[in-house]
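Please read the structure below before turning to the comments.
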Amino acid sequence: MRPSAIGFACLAAITAAACSPTSDLDGTSGRLARTSNETLVQITEDRIGGITGDTVYGSKTIEAALPGFTTDGIQTAVENNTEWALAAFNSDGFQVLQVFKGKNGRVRTVHGVTHHLQGPNGERIGMTFSEIGSSRADCRVGRNLWRGMAICVSEGHSNVELVYAIPGYQGPFDRLPAENDLFDAELQRILWTPKS
């Protein structure tokens, strides 16, 4: 398994620290950059890069849908368990996506896991709940392996979800905190599911 695959193969306890996005040095002060202006993959309602609801799950088809990318198998956490997925890496070996197989042999869902991609409303991993403009009314509390996280629908895009880590959140874990306590929650993943 590639070292960069391990970075997002969060298996048991998903927390902000355990599953925070991989960051690049900003090139000036050595600080970690929280977001990026470079877009390797664009997420829309109908596709994530070249992956659509018709894309067959497999290394060759995913690599064909993402020119210049390679894939490798990883085990990673979804909300209720861990699963095998294909991680998609850019030409520098940087993990960008995690692709999951559906029962029909096609792509079931894709997780965007780097700040070098952009959601349908300009969302980027590392941005805060308040920067994105999410509303508590569009969110639910994460369960099981995503306990203590907020899972919100991307505004106007029912098949795109935003997974936020809530810094310092101590529970109760069966409900979301108040809206003002979500303002600093940081986007960790962007989940895209093909429309049915």
Side-chain angles (χ1 to χ4, degrees), residues 4 7-8 10 14 16 19-29 31-53 55 62 65-69 76 78-79 87-92 94-100 107-142 146 149-167 169 176-177 179-196:
S4 52
F8 278 100
C10 303
I14 289 197
C19 242
S20 59
T22 304
S23 298
D24 292 339
L25 292 177
D26 70 3
T28 56
S29 65
R31 292 180 302 119
L32 291 178
R34 191 167 57 88
T35 61
S36 171
N37 291 328
E38 181 182 4
T39 303
L40 299 175
V41 175
Q42 178 69 47
I43 301 168
T44 70
E45 204 166 287
D46 298 320
R47 61 183 54 243
I48 182 163
I51 298 171
T52 70
T55 303
I62 291 167
L66 301 166
F69 280 63
T76 188
V78 294
E79 188 169 5
F89 300 87
N90 75 345
S91 60
D92 294 329
F94 191 76
Q95 186 180 158
V96 178
L97 304 172
Q98 296 174 353
V99 184
F100 297 86
V107 170
R108 181 184 85 233
T109 191
V110 181
H111 294 189
V113 295
T114 176
H115 56 294
H116 292 309
L117 53 80
Q118 189 173 47
N121 296 312
E123 305 99 335
R124 288 187 182 274
I125 290 178
M127 291 177 75
T128 65
F129 187 89
S130 60
E131 287 172 329
I132 290 171
S134 291
S135 168
R136 184 179 186 274
D138 294 329
C139 302
R140 66 175 177 83
V141 67
W146 290 356
M149 301 183 95
I151 302 171
C152 309
V153 175
S154 175
E155 185 178 353
H157 306 281
S158 61
N159 64 321
V160 179
E161 292 181 301
L162 311 173
V163 180
Y164 292 95
I166 308 167
Y169 186 56
L176 291 170
E179 181 126 9
N180 60 341
D181 294 328
L182 287 170
F183 287 161
D184 293 329
E186 223 176 83
L187 184 60
Q188 301 293 299
R189 290 183 183 221
I190 301 175
L191 314 180
W192 176 84
T193 302
K195 288 176 142 183
S196 43

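Every ring pair (Phe, Tyr, Trp, His ring centres under 6.0 Å) that Y169 has, sequence neighbours left out, goes to F173. Among residues two or more places apart in sequence or in another chain, the salt bridge (charged side-chain N to carboxylate O under 4.0 Å, His left out) test is passed with E45 by K195.
Within the model, atoms CE of M149 and CD of E186 stand 10.0 Å from one another, a figure rounded to the nearest 0.5 Å. Residue L191 holds its CG atom at 10.5 Å from SG of C152, rounded to the nearest 0.5 Å. Here F100 contributes atom CZ and T76 contributes atom OG1; the two are 5.5 Å apart, rounded to the nearest 0.5 Å. Considering NE2 of H116 and OG1 of T39, their distance stands at 9.5 Å, rounded to 0.5 Å. The structure places CD of E161 at 8.0 Å from OG1 of T109, a figure rounded to the nearest 0.5 Å. A distance of 4.5 Å separates CG in L187 from CD1 in I132, rounded to the nearest 0.5 Å.
Although no hydrogens or angles enter the test, the distance criterion places no donor-acceptor pair under 3.5 Å between the side chain of T114 and the main chain of V96. Remark: the backbone N or O of L117 is paired with a side-chain donor or acceptor of R124 at under 3.5 angstrom. Not a single donor-acceptor pair under 3.5 Å links the side chain of Q118 to the backbone N or O of I43. Of the possible donor and acceptor atoms, none in the side chain of W192 sits under 3.5 Å from a partner among the backbone N and O of N159.
The aromatic rings of Y164 and F129 sit perpendicular to each other, their planes meeting at more than 60°, with 30° as the lower class boundary. Taking the six-membered ring where the residue is Trp, F94 and H115 present perpendicular rings, their angle passing 60° and hence far from 30°.
In this structure, I166 and D181 approach most closely via the heavy-atom pair CG2-O, 4.0 Å. Between L176 and R140, the shortest heavy-atom distance links the atoms CD2-O, 3.7 Å. Closest approach of G126 to E131, counting heavy atoms only: O-OE1, 4.4 Å. Summarising the geometry of E123 relative to I190, their closest heavy-atom pair is O-CD1, 3.9 Å, with the distance given to 0.1 Å. In plain terms, the two heavy atoms of S154 and P120 that are nearest each other are OG-CG, 3.6 Å. L182 and R136 make their closest contact through CD1-CG, 3.9 Å (heavy atoms, listed as atom of the first residue, atom of the second, distance).
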**OP:** Please test R47 against T55 for side chain to side chain contact (heavy atoms under 4.5 Å, CB included), starting from the C-alpha separation and ending with a verdict.
**Re:** CA-CA 10 Å; R47 61 183 54 243; T55 303; over 6 Å; no
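At least one side-chain heavy atom of W146 sits less than 4.5 Å from a side-chain heavy atom of R189. Side chains of L66 and L97 form a contact here, defined as non-hydrogen atoms less than 4.5 Å apart. Put simply, the side chain of E79 reaches to within 4.5 Å of the side chain of I151, judged on heavy atoms.
Other residues, nucleotides and ligands contribute at most 12 non-hydrogen atoms within 6.0 Å of the CD atom of E155.
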